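Take a look at the structure set out below.
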There are 2 protein chains.
Amino acid sequence: MDKFKDCVIFLLAKAYQKAHGTFKKRLTGYGLTPIQHLILEVLWDEDGLSARTISERLVLDPATLSGVLERMVSGGWIFKHPDPEDKRTLRICLSDKGVSLKPKLTTERDQANQECLDGLTMEEKVLLKRLLRDVSYTK
Amino acid sequence: MDKFKDCVIFLLAKAYQKAHGTFKKRLTGYGLTPIQHLILEVLWDEDGLSARTISERLVLDPATLSGVLERMVSGGWIFKHPDPEDKRTLRICLSDKGVSLKPKLTTERDQANQECLDGLTMEEKVLLKRLLRDVSYTK
DNA sequence: TATAAATCCTTCGTATGCCAACTAATTGGA
DNA sequence: TCCAATTAGTTGGCATACGAAGGATTTATA
């Protein structure tokens, strides 16, 4: 692995792999995946968004989102309501389950985040997040 | 996205997404993917490794690797040689194509890495890589 | 030495993830 | 107003990813 210590693409892949795996394990008991959790977070912030808007907020391909939303409907987390104003648009709405599990799921996310940053000092944590934002948002 | 500015899992996912996409674009002309390129790098370092060893060096599930290797055989990048000493083991060997494209592909990787870190100062680049290693390798 | 345990790889199932192409619906412009 | 361009979402194709289970082989042990 030393071979890749300067390859930021590899390092990002592995750090992401680790973080994703950590969160995934915490969520299995809920029948939820990390990406599905992320969608819930967007909806907790603002319910009834269109699929398009969710895909923009999460920087996720609409084609990817389509399948995820379908599985979340099957899992009883959300509903799809056709928009009466614009028949092309779907309004994605939280189910009772999706609303009521917010506190527990938010805790899981916070703990997973802490777990991922376990070995870092407070300054390093802040710095890492800043640098990751820079990498993501550049151009 | 502001909503996720403190969620390192999200930030890692998006930074990885960006880096992966950047590298992927550079490789499409070669008919190669980022993960396949990574496997070539391991083999450039030491040819004839077993699939098991490759999966360990890249921290990649053997089940995932199996399919990737098969596609790399189809693409003419590698060969699979059964090990005469141990019939369970496959020795993965570079093809002429896999060997001869090393210089060009290495350049592409280097440029992709630079591109990903474009907005950062030299200090930040070093720091980011160090922090990512810490995140990955912390048990 | 016969059998249990471990190892190597593959296959299956499920879930991202993206691109390209497609349908349906809406909007814009001549 | 009518048709072209745009927009929303889905589908199909391909490529990771991982867990679980299975087949073939090798090793360890009773």
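Chain identifiers are assigned alphabetically (A, B, ...) following the order of the sequence lines, protein sequences preceding nucleic acid strands; residue numbering begins at 1 within each chain. Remember, it's a predicted structure, so these values are computed and weren't measured experimentally.
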**Item:** Within one Ile-Leu-Val-Met-Phe-Trp-Tyr cluster: B/L120 and B/L132, side-chain cutoff 4.5 Å
**Value:**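 Yes; B/L132 is reachable from B/L120 via cluster members.
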**Message:** Quick check: is B/I39 connected to B/V73 through a chain of hydrophobic side chains (ILVMFWY, heavy atoms under 4.5 Å apart)?
**Reply:**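 Shared cluster, yes.
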Can you tell me the distance, in whole Å, between the [atom1] atom of [X] and the [atom2] atom of [N]?
X     : N      : atom1 : atom2 : result
A/L90 : D/dA8  : CG    : C1'   : 8 Å
A/L38 : C/dA15 : CG    : C1'   : 15 Å
B/K24 : C/dA20 : NZ    : C1'   : 12 Å
A/H81 : D/dG9  : NE2   : P     : 14 Å
A/L58 : C/dT16 : CG    : P     : 12 Å
B/I39 : C/dC9  : CD1   : P     : 13 Å
B/D83 : D/dT25 : CG    : P     : 13 Å
A/L27 : C/dA15 : CG    : P     : 14 Å

**Message:** For A/L65 and B/E85, find the nucleotide of DNA chain D closest to each by heavy atoms; which residue's nucleotide sits nearer the 5' end?
**Reply:** A/L65
If you only use heavy atoms from C-beta on, which nucleotide in [options] is closest to the side chain of [X]?
X     : options               : value
B/A63 : D/dC18, D/dG9, C/dC18 : D/dC18
A/R88 : C/dT10, D/dT25, D/dT6 : D/dT6
B/T89 : C/dC8, C/dA25, C/dC19 : C/dC8

**Fill in**
Contact check, residues 45-54 of chain A vs DNA chain C, heavy-atom distance under 4.0 Å, returns none
**Asked** Should the pair B/K87-B/D83 be classified as a salt bridge under the 4.0 Å nitrogen-to-oxygen rule?
**Response**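 Here B/K87 does not pair with B/D83 in a salt bridge, since their nearest N and O are not under 4.0 Å apart.
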**Prompt:** Do A/R52 and A/E56 meet the salt-bridge criterion of a basic N to acidic O distance under 4.0 Å?
**Reply:** yes
**Asked** Do B/R109 and A/C7 have side-chain heavy atoms sitting under 4.5 Å apart?
**Response** yes
**Prompt:** Below 4.5 Å, heavy atoms only, C-beta onward: do B/Y30 and B/E108 meet side chain to side chain?
**Reply:**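 Yes - at least one pair of side-chain heavy atoms lies under 4.5 Å apart.
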Can you tabulate the close N/O pairs, meaning under 3.5 Å, that link protein atoms to atoms of nucleotides 14-16 of chain D?
unit_1: D/dT16; atom_1: OP1; unit_2: B/T33; atom_2: OG1; d: 2.8
unit_1: D/dT16; atom_1: OP2; unit_2: B/Q36; atom_2: NE2; d: 2.8
unit_1: D/dT16; atom_1: OP2; unit_2: B/R71; atom_2: NE; d: 3.3
unit_1: D/dT16; atom_1: O5'; unit_2: B/R71; atom_2: NH2; d: 3.3

N/O (side chain, [X]) to phosphate O (OP1/OP2, [N]) under 4.0 Å:
X     : N      : result
B/K80 : C/dT10 : yes
B/Q17 : C/dT16 : no
A/K87 : D/dT7  : no

**Asked** Parallel, tilted or perpendicular: which describes the rings of A/Y16 and B/Y16, with under 30° parallel and over 60° perpendicular?
**Response** parallel
**Prompt:** Could you go step by step and tell me if A/L101 and A/W77 meet the side chain to side chain contact (heavy atoms under 4.5 Å, CB included) rule?
**Reply:** CA-CA 10 Å; A/L101 280 175; A/W77 296 99; 3.6 Å; yes
**Prompt:** Looking only at heavy atoms, which two atoms of B/L38 and A/F10 are closest? And how far apart?
**Reply:** CD2-CD1, 3.5 Å
**Request:** Classify the nucleic acid contact of B/K25 as base, sugar-phosphate or nothing, counting any heavy atom under 4.0 Å across all strands shown.
**Result:** nothing
**Asked** Side chain of A/R133, backbone of B/K5: donor and acceptor closer than 3.5 Å?
**Response** yes
